[in-house]
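Data first, discussion second: the structure below is written as structure tokens.
Order of the sequence lines sets the chain letters (A, B, ...), proteins ahead of strands, with each chain counted from 1.
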Amino acid sequence: VRAIARSIHAFGFNAPILVDKCNQIVAGHGRYEAAQLLGLERIPVISLDHLTEAQARAYLLADNKLTERSSWDDVSLAIHGFQCGYCTPGQICSAVGMAAELRKGVPSYVTADLKADAIALSHDELRERMSGNLCRCGAYNGIVDAIHGTFGDLATPVPKREAA
Amino acid sequence: MNPFRYERAADVSAALEAGARAGAQYLGGGTNLVDLMREAIEHPDVLVDVTRLSRDIEETQGGLRIGAGVKNTAVAADRRVRERFPLLAQAILAGASAQIRNMATVGGNLLQRTRCIYFYDDAARCNKRNPGESCDARHGFNRHHAVLGASESCVATHPSDMCVALAALDAVVTVRGKNGSRDIPLIAFHRLPGDTPQVDTMLEPGELITAVTLPPNGIAAYSSYRKVRDRASYAFALVSVAAGLELEGGAIKDVRIALGGWPTSRGVQSARGSRASGRPGNGDRLPSSGGS
């Protein structure tokens with residue numbers, strides 16, 4: 001939730017929450033909690049009151065409820081961390097593995113001090129460590145930002161890129 | 001892909017027995033062998049998985065003995081390697097990608113094929129793939145090919161970064177076969193192509209690498225691995241160098257230089273006891289040590 005909050009703080013609330021006709025949240029529980037964390041009073045909502053209960057459930061399945069539990073997905077969506085999506089599962093798996101290696105202090109080619117105990121997730125470290133994952137769309141800048149947004153607590157702050 | 005059998009060896013003796021059969025090949029991380037099987041260039045009948053064997057890094061007198069089954073990442077992340085053999089950690093981290101280093105073993109790194117893109121392309125002629133056929137690489141797109149150590153029949157390189165550092169560090173490869181164990185210096189482990197480029201190493205059929213031993217060295221404080229490549233990451237070297245200097249009281253005691261981008265990693269120069277030794281290490285240009 002904190003990662004989502006960071007993303008909303010940095011990039012704005014760009015994906016509305018979906019509610020059913022009883023105003024129960026259908027999709028966006030994480031974003032709702034993040035909004036509370038940030039003390040936001042108003043957030044964009046789309047009401048699915050044109051759907052029956054069964055249709056809403058089907059939509060929820062299609063929208064894949066599981067991904068709603070992953071901070072990666074919200075950050076990734078908000079930052080446009082992919083284009084066609086073909087490489088996305090691999091990017092996610094590698095990012096999770098990379099973060100675990102960083103926590104263990106495994107060095108990389110760009111780690112200046114091989115004897116260091118703690119290594120920050122700098123821009124260069126992230127790019128080097130993720131270099132085994134190719135993106136045929138060339139969406140690398142967004143992918144790098146999405147990983148920073150998700151695993152930012154491992155990082156020393158990097159200068160934020162200007163929003164396009 | 002040809003059908004093949006997969007077996008996992010319980011210990012070195014069982015591996016040797018399984019690996020002695022015709023058509024058997026040892027399987028490490030598979031990062032090169034499986035790739036070559038997919039391309040129908042290697043056709044083993046049996047894969048003998050040896051990744052569960054020899055997985056420790058042990059202290060020797062001042063050095064380290066690295067089991068052949070240790071993953072590349074584990075070597076580079078090992079505290080002792082990072083502090084006493086930083087050249088090796090650097091070189092490993094310069095190679096491949098994180099995913100490949102997590103799979104690849106030390107033994108498998110040594111035994112990845114000496115190769116070029118024409119070896120992978122079965123529409124091209126290749127003396128390594130089909131001995132005696134001819135070589136389309138020599139006059140083809142040869143930016144990645146060997147300048148030093150190449151022959152009329154083959155210009156492929158051994159792309160390992162790790163091996164270049166091992167060459168500079170005087171590493172010794174321990175192998176086991178049906179006649180027992182023997183040690184091969186790393187710089188003599190890979191063969192120059194000559195007119196039999198299909199044979200990459202000095203290993204006898206069925207022999208299995210069990211360990212690579214690093215003797216103590218004095219170059220840890222002044223050593224570096226430099227790699228020139230077409231991308232900033234995840235690319236083979238066009239050329240690379242592992243270099244180290246041992247100083248004693250301001251004088252150069254030892255100089256070690258190994259070159260990558262050869263068919264072998266034996267482009268190594270040691271200036272121990274030569275004219276370079278004993279000179280002041282105060283920024284003077286080193287005299288050439290000849291033979292390079």
Side-chain angles (χ1 to χ4, degrees), chain A residues 72 82 86-148 150-151 154-155 158, chain B residues 29 31-32 35 57 64 70-104 160-162 164-165 169 219-237 240 242 244 260:
Chain A
W72 163 275
F82 53 84
Y86 185 80
C87 72
T88 306
Q91 301 280 6
I92 294 172
C93 290
S94 290
V96 172
M98 175 205 67
E101 286 182 0
L102 207 67
R103 286 192 196 98
K104 283 196 293 186
V106 176
S108 87
Y109 183 64
V110 299
T111 305
D113 179 9
L114 280 179
K115 294 176 192 167
D117 287 317
I119 303 162
L121 183 60
S122 69
H123 191 68
D124 285 348
E125 284 284 359
L126 194 160
R127 284 164 57 93
E128 165 62 24
R129 288 165 187 272
M130 291 294 295
S131 71
N133 288 70
L134 305 183
C135 165
R136 61 185 182 178
C137 304
Y140 292 109
N141 290 336
I143 293 168
V144 168
D145 285 350
I147 294 169
H148 261 306
T150 307
F151 298 105
L154 290 171
V158 287
Chain B
T31 59
N32 185 215
D35 212 21
I57 301 179
L64 288 177
V70 181
K71 304 286 187 185
N72 284 10
T73 300
V75 178
D78 189 277
R79 254 304 138 200
R80 296 162 293 181
V81 173
R82 283 153 72 181
E83 285 173 10
R84 284 150 51 193
F85 303 91
L87 186 61
L88 177 59
Q90 265 186 357
I92 289 174
L93 294 170
S97 67
Q99 292 96 326
I100 293 172
R101 294 192 297 270
N102 281 341
M103 288 296 291
S160 168
D161 293 287
M162 183 186 86
V164 185
L169 290 166
I219 64 170
Y222 301 99
S223 65
S224 188
Y225 184 72
R226 291 298 166 94
K227 178 176 184 180
V228 177
R229 47 184 160 174
D230 281 342
R231 281 194 300 261
S233 184
Y234 193 19
F236 286 150
S240 67

Inset, instruction - First locate atom CD of B/Gln99, then atom CZ of A/Arg129, and finally report the distance between them rounded to the nearest 0.5 Å. - result: 12.0 Å
Inset, instruction - Check whether A/Ser108 gets within reach of chain B through its side chain, its backbone, both or neither, counting any heavy atom under 4.5 Å. - result: backbone
Inset, instruction - Answer with side chain, backbone, both or neither: which region of B/Ala94 has an atom nearer than 4.5 Å to a non-hydrogen atom of chain A? - result: both
Legend entry - Atom CZ of A/Arg127: over 12 foreign heavy atoms under 6.0 Å: no
Inset, instruction - Heavy-atom pairs under 4.5 Å with chain A are the metric here; pick the option from B/Arg231, B/Glu83, B/Arg82 that has the most. - result: B/Arg82
Inset, instruction - With a 4.5 Å cut-off on heavy-atom pairs, point out which of A/Pro107, A/Gly97, A/Ser94, A/Gly105 contacts chain B the most. - result: A/Pro107
Legend entry - cation_pi(B/Arg229, A/Tyr109) dist<6.0 Å, angle<=45: yes
Legend entry - Atom pair CG/CD of B/Asn102 and A/Glu101 - distance to nearest 0.5 Å: 4.5 Å
Inset, instruction - Mark yes when over 12 heavy atoms from residues, nucleotides or ligands other than B/Tyr222 sit less than 6.0 Å from its OH; otherwise mark no. - result: no
Legend entry - Inter-residue atom distance B/Phe85.CZ - A/Leu114.CG, 0.5 Å rounding: 14.0 Å
Legend entry - Presence of salt bridge, A/Asp117 and B/Arg79, under 4.0 angstrom: yes
Legend entry - Heavy-atom pair count under 4.5 Å with chain A, highest-scoring of B/Val81, B/Leu93, B/Ile92, B/Thr73: B/Leu93
